[in-house]
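Given the structure is predicted, the values throughout are model-derived calculations rather than measurements.
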Amino acid sequence: MNTFTDRLYAAMERQLTHAQLDHASVLEQIKASILICKKAMSKLKNYIAAYQMTAQEEITFFKHIKPQFYSKYIYYVNMYNYLMQKPTGGESIQEDYIRANLFELKAFFDHNRAFYSYYRSGMIQMDEVYFTRGGFDVFAELEDFEEDEQYSTSHDYKLSKIIANEKFQDFLNLELAKTGNEDIVALNGQKIFPFNHPQWTASQTDAAELLYALQTACAINNGNIEINELVGIWEFIFQMEINEPYHKLLDITKRKKEVFVFLNRLTNSFQNFILEKLE
């Protein structure tokens, strides 16, 4: 089971990366990503329908594997709805809209406080109840109930929503920070960037080259971060815009003499530094 699901997830991730390259518009990227996730989820469901799981495999699947796929889908749906409903107007209007979305997320986490604490603390005592099929009260969990009882447990969809909403919350906090609220408190109660912003003195294309390298090398969050999130973090830290990063990546791939100009420059400068230290 793990071999199939790992390969399916890796294939989905590759397709999501290609979707970012194939569509210049962020909205089109997200729409394509939703379709990619839906296809992967369908393949996952068909595979499990024909697979006989052990008791432990059932818990592993509904607690760890299925939420990986479904949380991606929910996150992109959240992003799509956010962008489609985003109002036009000045900074204060944008800020109010972001704060309204954050308030809804807080209400969700508050409503699911007990299970959220269970998930965040890594407890396993209730796994057999939460992540095996057939043992839940449909009326108690109606808001997070999936119709196919053979492919759902009482809490796997709720867990998927929690993972997706955590990621969406991170995105919204960065969006809010970019409106000029430098005193914002974000992840784990820490300020996103509590000191003066440094200045990026290389080019926007150099920044795009570096960010794509970091993302594809899984150097941040084990690769579990979208390039638009990484760009947003970068733009906030350095208080600069990376205009059309996807077009910049395409420009990089079309270079004829040397493709990785900035990465090679980094390598050479660091190598010279090391050699000087060894002299």
Side-chain angles (χ1 to χ4, degrees), residues 6-37 39-40 67-80 82-83 163-175 177-178 186-188 192-193 197-198 200-255 258-267 269-270:
D6 286 349
R7 288 177 178 173
L8 182 61
Y9 188 79
M12 182 182 73
E13 287 282 78
R14 287 194 298 271
Q15 291 171 23
L16 290 172
T17 299
H18 286 306
Q20 296 168 3
L21 301 178
D22 294 340
H23 302 278
S25 162
V26 174
L27 192 60
E28 290 300 317
Q29 293 166 25
I30 292 173
K31 287 167 65 176
S33 297
I34 289 172
L35 292 177
I36 289 167
C37 290
K39 288 179 181 178
Q68 275 188 312
F69 291 83
Y70 275 60
S71 63
K72 283 275 189 182
Y73 170 76
I74 296 168
Y75 170 74
Y76 284 121
V77 170
N78 286 345
M79 289 289 291
Y80 179 80
Y82 170 81
L83 292 174
I163 295 169
N165 284 348
E166 282 184 324
K167 191 172 182 181
F168 186 49
Q169 186 178 55
D170 293 348
F171 166 80
L172 291 174
N173 277 322
L174 284 169
E175 287 286 284
K178 286 161 65 177
L187 310 181
N188 301 318
I192 290 179
F193 203 72
H197 296 274
W200 177 254
T201 53
S203 70
Q204 289 187 25
T205 302
D206 291 339
E209 186 176 333
L210 177 60
L211 290 175
Y212 273 103
L214 291 171
Q215 198 242 5
T216 55
C218 299
I220 299 173
N221 290 350
N222 293 314
N224 188 28
I225 185 169
E226 308 300 326
I227 192 66
N228 63 308
E229 296 176 72
L230 204 51
V231 168
I233 294 169
W234 184 276
E235 289 180 331
F236 173 70
I237 291 174
F238 291 101
Q239 293 291 282
M240 61 171 284
E241 287 189 9
I242 303 178
N243 298 314
E244 299 182 324
Y246 314 102
H247 286 167
K248 286 181 170 52
L249 178 64
L250 292 176
D251 290 339
I252 289 170
T253 62
K254 293 175 182 177
R255 291 170 177 167
E258 184 180 12
V259 177
F260 307 114
V261 174
F262 186 63
L263 295 180
N264 289 338
R265 195 195 319 163
L266 291 178
T267 300
S269 61
F270 185 53

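Here the CD1-CZ distance, from Ile74 to Phe69, works out to 13.5 Å after rounding to the nearest 0.5 Å. Rounded to the nearest 0.5 Å, atoms CZ (Arg14) and OG1 (Thr216) are 13.5 Å apart. Remark: Leu16 CG to Ile30 CD1 distance equals 11.5 Å, nearest 0.5 Å. Annotation: the span from His18 atom NE2 to Ser33 atom OG amounts to 12.5 Å, rounded to 0.5 Å.
At a threshold of 4.5 Å between non-hydrogen side-chain atoms, the residues Glu226 and Tyr76 count as touching. The shortest distance between side-chain heavy atoms of Thr253 and Val259 does not fall below 4.5 Å.
When every heavy atom of Asn264 is checked against every heavy atom of Glu258, the shortest pair comes out as ND2-OE2, 2.7 Å. In this structure, Gln29 and Ala19 approach most closely via the heavy-atom pair CG-O, 3.7 Å. Taking each heavy atom of Tyr75 and Lys167 in turn, the nearest pair found is CE1-CG, 3.7 Å. Nearest approach of Ile242 to Glu235, heavy atoms of both residues: N-OE2, 2.8 Å. Closest approach of Pro198 and Ile237 over heavy atoms only: CD-O, 3.5 Å. Taking all atoms of both residues into account, the shortest heavy-atom contact from Leu230 to Leu211 is CD2-O, 3.5 Å.
The side chain to side chain contact (heavy atoms under 4.5 Å, CB included) search around Leu249 returns Leu21, Tyr212, not counting sequence neighbours. For the salt bridge (charged side-chain N to carboxylate O under 4.0 Å, His left out) test, no residue two or more places apart in sequence or in another chain qualifies with Lys248. Contacts of Phe238 classified as ring pair (Phe, Tyr, Trp, His ring centres under 6.0 Å), with partners at least two apart in sequence or in another chain: Trp200, Trp234. For the side chain to side chain contact (heavy atoms under 4.5 Å, CB included) test, residues two or more places apart in sequence or in another chain that qualify with Ser203 are Thr205, Asp206. Remark: Asp251 pairs with no residue by the side chain to side chain contact (heavy atoms under 4.5 Å, CB included) rule, at least two apart or across chains. Scored by the ring pair (Phe, Tyr, Trp, His ring centres under 6.0 Å) test, Phe171 finds Tyr82 as partners (sequence neighbours excluded).
Within 6.0 Å of CZ on Arg7 lie no more than 12 heavy atoms contributed by other residues, nucleotides or ligands.
The backbone N or O of Phe262 sits less than 3.5 Å from a side-chain atom of Glu209, completing a donor-acceptor pair.
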For Ile233 and Ile220, run side chain to side chain contact (heavy atoms under 4.5 Å, CB included): C-alpha distance rounded to whole Å, both residues' side-chain angles, the deciding distance at 0.1 Å, then the answer.
CA-CA 12 Å; Ile233 294 169; Ile220 299 173; over 6 Å; no
